Engineer: 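Before we start, here is the structure in question, set down as structure tokens.
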Amino acid sequence: MSDSSRPKAVYEPGELDKVRGRLGPLSAEEAKKMSQVLGGEVGVEKSAAKQAAGSSDRGVIKRNRPKGVEASALVDRQRHREAENGAASGGYGSDSRKAASKPKRHDDDPNTPYKLHYIERVKMDKLMWASNINLKTTGQFLQSVFSFFQPPPDFLNPEFISREISVYVQPLNTLVTATRSLFNKTNTDLDARMKKSSAFAYETLNTIREWDTQTLNSELSNLQMHPRNVTSIDMTNFLKAFFKPLYLLDRLDLDNSIGSAYRLLVKALLVQNPQGPRDQYQKTILECIENLGFLRKEARFHFYPIIMKLISDKCFTCSELFDKRQNRYAAFLGLSKENQIEPSQFIQVKNNAAEKKKEEEEEQQVAESDEEELKRKAIEQENKAVAKGYAILDSLFPGAGWNNVTEAPDMYPYFNDVFRFPKEYVDISPTDPLLQVVILTRVIDELLYALRYVAFGSIDDGMGGSINLEEELSEQIENWHAHLDSSLEKEYIPRLSEYCRLLENPAENHNSDYARRLSSDTRWIKRYFFMPYFSVETAYPPPFRKKEIKSLYSEVRKLRRNLSIVAKGIEAGQKKGGAHSNASCDEITNPWDAYKFQIPNPLSKRLNLLLEGKPKNNAALIYYLLGISVVLDYMVNDDKSWAYAEERGSILFRSLNNEGVVPQNGADKGPDTRRLFEESLKKHAN
């Protein structure tokens, strides 16, 4: 029998579609070539064969054409449905006319459909499986690799959904809550003042306070109800609520634009209430900018693989995705480039009288000039205060390296000779500023023993009330060593030491989940307790909630503030005659009494020798304590300090050649610190 007379093969319904699906997307030319190679004809499915055979049967039920519809219209509809079916199935089939009519593909056109092919899907899933992202489990990734013909369910790591995702939601909630507390909608006068002063600042801050955290947290709750069944597409509403404001603010510089908007808000608040808590406002602003920076950098990086799954047919790096798929990303959020806030947007106050407008502009220039001058003077004063603090430290500990601290001298051998640190302290890297933080915290702890015998008064808080310095400082004195003990010796040091011991084992332990977890925990502890601007790039969540932590850096700022108030009172007393006239000070009751160390310690001995021939009173004790507190406060609470330079702090443990690979057991022997101190005293005496 010839091929032309051979009957076509008859298949079960849907069988041909399954075969086509396994072959993957084929162009018309590829389909034709495959047909030539394989030979024969495709055949028909049973439903089609039955219809053809039954066309002449008398028993076939005929459907009447709808009234008023012409045959040509029905044919057009049928063709339209066939075209849609062809597009939905990825263009399978051998009809060359369909392929020819297919629109040209545009990678970043949101209106052009696309298909995620096997290779790109596996690349994306591998990225999501990476340890620093942890969006997929090993099993989920392997299932993707071995699913050649059709993609598996795109489930996400249930641990990420149930636990790690909160690491990125919590700073967002904190940011929005803090912004709303400053820029409250119920304060209509403040709203009007901000609009009048700067429409740009108003729009920027309004975007943050209008962040839809209600939808965000609701979506998060829904996701966490069934973490094992969450797919990338299930994250759509959550991601939209999370990233819409970030997209709107994307063109704005964090410090110059957004920071300026917050600072303008504080000025408006102080105009409205001159007695407002300026320090609290500044603290809130710092917290807002810190959290927004975290969301921009770390949250965006962590979530971008999921967004890529939803908007792209190719795997990109984070920066490449938002550059090469910027139109699809904007469409995914339901926004466009025109919605983004421009840094140059600013609206001036409109006045009917031209002269009045000119006067106000001149007043604005004068105010801005005064503000810049105040800022410049504040920076100069801060630099002088820090320099004085370093001079005090150098006089107490000559040769330790305080005069060149930015060059990362290894201070452990020197101060271990002074204080006899616990042996585990040696594991802290000499290039890690945390070593200096620990040393200064210990120095302050030694001096606080004498502060117990100083009597303090009360001061005006600027809000109609008073601050009892006696209570505040007594609490800090009692709890200072406890903070050091709980944060450093119970949380940080044990994890760091355990991590170093792991690294000494065979190489297979280096990248274990436990090792990565220890490394992550130490970094989070360092940030939450000691250095708030320390960058943590890890997929693991913190080992505890931030609200459960009493940070040391906040205590340092508080101690500096209280000591500064007392020092100003002492200066005022000295102008009245000081110790000679037993001048009174409101902030401190006994400034001219001799300081008292009930039990001598390394600091008391050095201080006694350093002040030989000078008054050894409480006023001098306050002076030394304040200078050291200023240095520590500058290090941990100023994000522009040398302690936050990019090359500092990345290596946490003492290692061979400071490479951060192989731990180094022990440190070099320190100098004779007593001899250095005695030589320094003789030098200054001469």
Side-chain angles (χ1 to χ4, degrees), residues 384-385 388-397 418-419 440-461 466-484 555-633 677-678 680-681 684-685:
K384 288 180 181 178
K388 286 181 180 178
Y390 281 134
I392 287 173
L393 288 166
D394 194 50
S395 65
L396 283 168
F397 309 104
V418 175
F419 293 122
L440 291 177
T441 304
R442 179 64 184 274
V443 170
I444 292 173
D445 186 43
E446 297 287 321
L447 291 176
L448 286 178
Y449 285 111
L451 208 65
R452 300 169 187 267
Y453 302 99
V454 180
F456 300 99
S458 297
I459 59 167
D460 184 7
D461 65 356
S466 63
I467 297 175
N468 190 322
L469 286 176
E470 181 72 28
E471 290 182 2
E472 283 211 4
L473 283 166
S474 294
E475 182 183 356
Q476 285 197 289
I477 293 167
E478 293 298 325
N479 295 329
W480 188 266
H481 188 80
H483 289 317
L484 186 64
E555 290 298 307
V556 171
R557 172 57 57 90
K558 187 177 176 182
L559 179 65
R560 177 184 176 177
R561 183 199 68 191
N562 290 335
L563 291 176
S564 297
I565 294 170
V566 176
K568 286 181 181 178
I570 293 173
E571 288 178 4
Q574 286 174 336
K575 291 178 181 178
K576 299 176 186 177
H580 294 290
S581 59
N582 196 27
S584 63
C585 306
D586 294 336
E587 296 82 2
I588 178 171
T589 306
N590 56 345
W592 320 120
D593 290 355
Y595 59 69
K596 181 181 179 181
F597 287 87
Q598 192 170 25
I599 300 175
N601 62 44
L603 261 294
S604 69
K605 295 174 183 178
R606 287 175 179 251
L607 193 60
N608 287 337
L609 292 172
L610 200 60
L611 293 176
E612 192 68 41
K614 300 176 183 178
K616 300 177 183 179
N617 54 28
N618 290 329
L621 176 69
I622 296 292
Y623 172 76
Y624 276 87
L625 254 174
L626 176 59
I628 298 167
S629 300
V630 166
V631 173
L632 183 54
D633 178 58
F677 184 67
E678 290 173 353
S680 176
L681 289 176
H684 288 90

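Predicted model, so just to flag it, every value in this text is computed and none were measured. Along the sequence shown, the residues carry numbers beginning at 1.
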Engineer: Say you draw a straight line from CD1 of Ile570 to CD1 of Ile565; how long is it, rounded to the nearest 0.5 Å?
Structural biologist: 12.5 Å
Engineer: Between the side chain of Gln476 and the main-chain N/O of Glu555, is any donor-acceptor distance below 3.5 Å?
Structural biologist: yes
Engineer: Once salt bridge (charged side-chain N to carboxylate O under 4.0 Å, His left out) is applied, do any residues pair with Glu478, and if so which ones, sequence neighbours excluded?
Structural biologist: Arg452
Engineer: Looking at every non-hydrogen atom in both residues, tell me the closest pair between Ala567 and Leu626 and how far apart they are.
Structural biologist: CB-CD2, 3.7 Å
Engineer: What residues form a side-chain hydrogen bond (donor to acceptor under 3.5 Å, both in side chains) with Arg557, not counting sequence neighbours?
Structural biologist: Asp633
Engineer: Contact between Leu393 and Leu440 at the side-chain level, heavy atoms closer than 4.5 Å - yes or no?
Structural biologist: yes
Engineer: Without placing hydrogens or testing angles, list every side-chain donor-acceptor pair under 3.5 Å for residues 442-449, not counting sequence neighbours.
Structural biologist:
unit_1, atom_1, unit_2, atom_2, d
Arg442, NE, Glu446, OE2, 3.1
Asp445, OD2, His481, ND1, 3.0
Glu446, OE1, Asn601, ND2, 3.2

Engineer: Got a list of side-chain donor-acceptor pairs under 3.5 Å for residues 608-624, not counting sequence neighbours?
Structural biologist:
unit_1, atom_1, unit_2, atom_2, d
Asn608, OD1, Tyr595, OH, 2.7
Asn608, ND2, Ser604, O, 3.2
Lys616, NZ, Asn608, O, 3.3
Asn617, OD1, Ala619, N, 3.3
Asn617, OD1, Ala620, N, 2.9
Asn618, ND2, Asn590, O, 2.8

Engineer: So how far is it from Lys576 NZ to Cys585 SG, rounded to the nearest 0.5 Å?
Structural biologist: 6.5 Å
Engineer: Hey, is NZ on Lys558 packed in by over 12 heavy atoms from elsewhere, all under 6.0 Å?
Structural biologist: yes
Engineer: Got a sec, which residues hit ring-ring contact (aromatic ring centres under 6.0 Å, His included) with Phe456, two or more places apart in sequence or on another chain?
Structural biologist: none
Engineer: Measuring from Leu625:CG to Leu563:CG, what's the distance to the nearest 0.5 Å?
Structural biologist: 6.0 Å
Engineer: Are the side chain of Trp480 and the backbone of Thr441 linked by a donor-acceptor contact shorter than 3.5 Å?
Structural biologist: yes
Engineer: Any idea which heavy atoms bring Leu559 and Ser629 closest together, and the distance?
Structural biologist: CD2-OG, 3.6 Å
Engineer: Between Trp592 and Ala583, what is the shortest heavy-atom contact and its length?
Structural biologist: NE1-O, 2.7 Å
Engineer: Which heavy-atom pair separates Lys605 from Pro600 by the least distance, and what is that distance?
Structural biologist: CE-CB, 4.2 Å
Engineer: Mind checking the CG-CD1 spacing from Leu603 to Ile628? Nearest 0.5 Å is all I need.
Structural biologist: 6.5 Å
Engineer: Can you sort out the partners of Glu471 under salt bridge (charged side-chain N to carboxylate O under 4.0 Å, His left out), two or more places apart, ordered by chain and number?
Structural biologist: none
